[in-house]
Amino acid sequence: METSNPPRNAPLEGLKVLDLSSLYAGPLIATTLGDFGAEVVKVEHPRGDDARRWGLSKDGVPLWWKVISRNKRLITLDLHRPEDQAKARALCRWADVVIENFRPGRLEGWGLGWDRLHALNPRLVMVRVTGFGQTGPRAQQPGFGTLAEAYSGFAFITGQPDGPPTLPPFGLADGVAALAGTYAVMMALYWRDARGGGEGQYIDLSLYEPLFNILGPQAIEYTQTGAVQQRGGNRSRRTSPRNTYLTRDGHWVALSGGTQGVVDRMYRVIGRPELAQDPRYNTAQGRLEHADEIDGWLAEWIGRHDLEEVLARFEAIEAPIAPVNSIAQILQDPHYRARASFVEVPDEDLGRVVMQNVVPRLSRTPGAIRHPGPATPDRDREYVEGIIRQYEEA
């Protein structure tokens, strides 16, 4: 298992990031920037970030925290207190980027709103993460990823046709918003620095809109045809076959027939090459109309063979297929290991920990995990207080 090393020629070295956010979406923006060399100061409430209480712990050490707070320096501030508000303003004068996810108006009430911070630091880029955005009738409503997954339309189309709308078992909306927020930061910095804009700007990032934007052509299809996409289980409205199938030894596999050539090779695997000549099964529309039959043939053949044979037979003629991996399978998978998709890193609290590696991969300036998230909230107080003294208001 590969161990991550300090970055070489980190692309964001010298970038200064203040993370005022909590839980997932905002902190993950800061995590990604830190992975590529930015110096990140994470501010927590004295009671500790709520993310410390999410998920499993070992020996009292929160495990998810180790991932989302990696490469960050920690300090606690109570932003209800004027003296800590002043410290936060000093950190905003120091920072290139500040990330927050309070309800609209909360920071303004603490003297940390965009107008004041922009006046203090005109080059500042501010990411404002909320459930429903800074404007509109829902702006003041509390928003979490679960609500965004429902409100965006994702849950409506997810699940079995005869079942309820289905929510993802992880922070999907937060994760997608974090990726969108990261590239928004880089665009704002590019305009400020490379394009000569010279000034920062604020980014209004809702949780629901990035997820809504990747849900496919629903909006144009509905407005042009009146079609409302419904739940279809693991099937696709656009191609067949597309489903999961159970092997003889109790494993699941997934496959998708994206082109007719791919599907023809699948027909060969299951011993039905004649289907490639049958007009009911050799066009995209025909396959959709006869999806039940095609699924039945695939399920029957796969169900008579063990996982390794299924994978080998499909792969031998380049008919795409993949196992439905559990995390236990992932950590043993030779492809994951060869690409170091996860890494083992030293940790001051737990000895060594395994976590997802840095993405995306850059050939000349790769990111790296310098250290997991510290368990002690005020571990870097002395260092951060030094920054505050240097930038505090006169």
Side-chain angles (χ1 to χ4, degrees), residues 17-35 38 40-57 60-80 84 88 91 95 97-107 110 112 126-134 138-152 154-155 167-182 184-185 202-211 355-356 372-379:
V17 178
L18 177 62
D19 181 6
L20 296 178
S21 60
S22 61
L23 289 177
Y24 189 21
L28 190 56
I29 298 172
T31 301
T32 305
L33 297 174
D35 285 348
V40 180
V41 170
K42 161 76 175 178
V43 171
E44 294 185 72
H45 191 278
R47 67 172 176 268
D49 193 296
D50 287 332
R52 291 180 177 273
R53 293 174 281 278
W54 276 36
L56 300 179
S57 297
V61 177
L63 298 178
W64 182 225
W65 178 259
K66 287 290 177 185
V67 181
I68 62 175
S69 293
R70 68 193 191 191
N71 297 334
K72 298 181 184 181
R73 296 183 180 273
L74 306 185
I75 187 173
T76 61
L77 296 176
D78 183 351
L79 297 181
H80 296 87
D84 282 359
L91 290 170
V97 179
V98 62
I99 304 163
E100 65 94 6
N101 64 347
F102 295 96
R103 200 176 301 185
R106 182 68 58 82
L107 282 187
W110 292 335
L112 294 166
M126 186 177 194
V127 189
R128 314 201 73 171
V129 186
T130 57
F132 300 101
Q134 298 290 317
R138 290 184 177 269
Q140 291 298 321
Q141 294 185 14
F144 295 95
T146 298
L147 306 187
E149 288 145 9
Y151 191 68
S152 66
F154 169 84
L167 297 166
F170 65 100
L172 176 64
D174 289 85
V176 172
L179 295 174
T182 302
V185 167
Y202 76 86
I203 297 162
D204 179 357
L205 179 64
S206 73
L207 293 181
Y208 81 89
E209 286 170 310
L211 190 53
M355 62 181 66
Q356 301 95 321
T376 306
D378 263 326
R379 192 194 68 166

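Keep in mind it's a predicted model, so treat the numbers as computed, not measured.
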* About how many Å separate CG of Asn101 and CZ of Arg128, when rounded to the nearest 0.5 Å? -> 11.0 Å
* Asked: Pro27 versus Lys72: any side-chain heavy-atom pair under 4.5 Å?
  -> yes
* Would you say the side chain of Leu20 lies within less than 4.5 Å of the side chain of Val98, judging by non-hydrogen atoms? -> yes
* **Validation row: Pro104, Gln140 side chains within 4.5 angstrom (heavy atoms)** => yes
* To do: For the residue pair Ser21 and Val129, establish whether any side-chain heavy-atom pair is separated by less than 4.5 Å.
  => no
* **Carboxylate-amine/guanidinium proximity below 4.0 Å for Arg52 and Asp49** => no
* Could you check if a side-chain atom of Leu112 sits within less than 4.5 angstrom of a side-chain atom of Glu100, using non-hydrogen atoms only? => no
* **4.5 Å side-chain heavy-atom contact, Ile99 and Val185** => no
* Dump the intermediate steps for ring-ring contact (aromatic ring centres under 6.0 Å, His included) on Phe102 and Trp110, then the final yes or no. => CA-CA 11 Å; Phe102 295 96; Trp110 292 335; 5.1 Å; yes
* Are Thr76 and His45 side-chain neighbours, meaning at least one heavy-atom pair lies under 4.5 Å? -> no
* Structure fact -> Taking every heavy atom of Leu77 against every heavy atom of Ala88, the minimum-distance pair comes out as CD1-N, 4.2 Å
* To do: Determine whether Asp174 and Leu28 make a side-chain contact, defined as any pair of heavy atoms from C-beta on separated by less than 4.5 Å.
  => no
* **Option passing side-chain contact (heavy atoms from CB on, under 4.5 Å) with Ser152 (candidates Leu172, Leu207, Leu211)** => Leu211
* Structure fact -> What one should report as the nearest heavy-atom pair of Leu74 and Thr376 is CD1-O, 3.6 Å
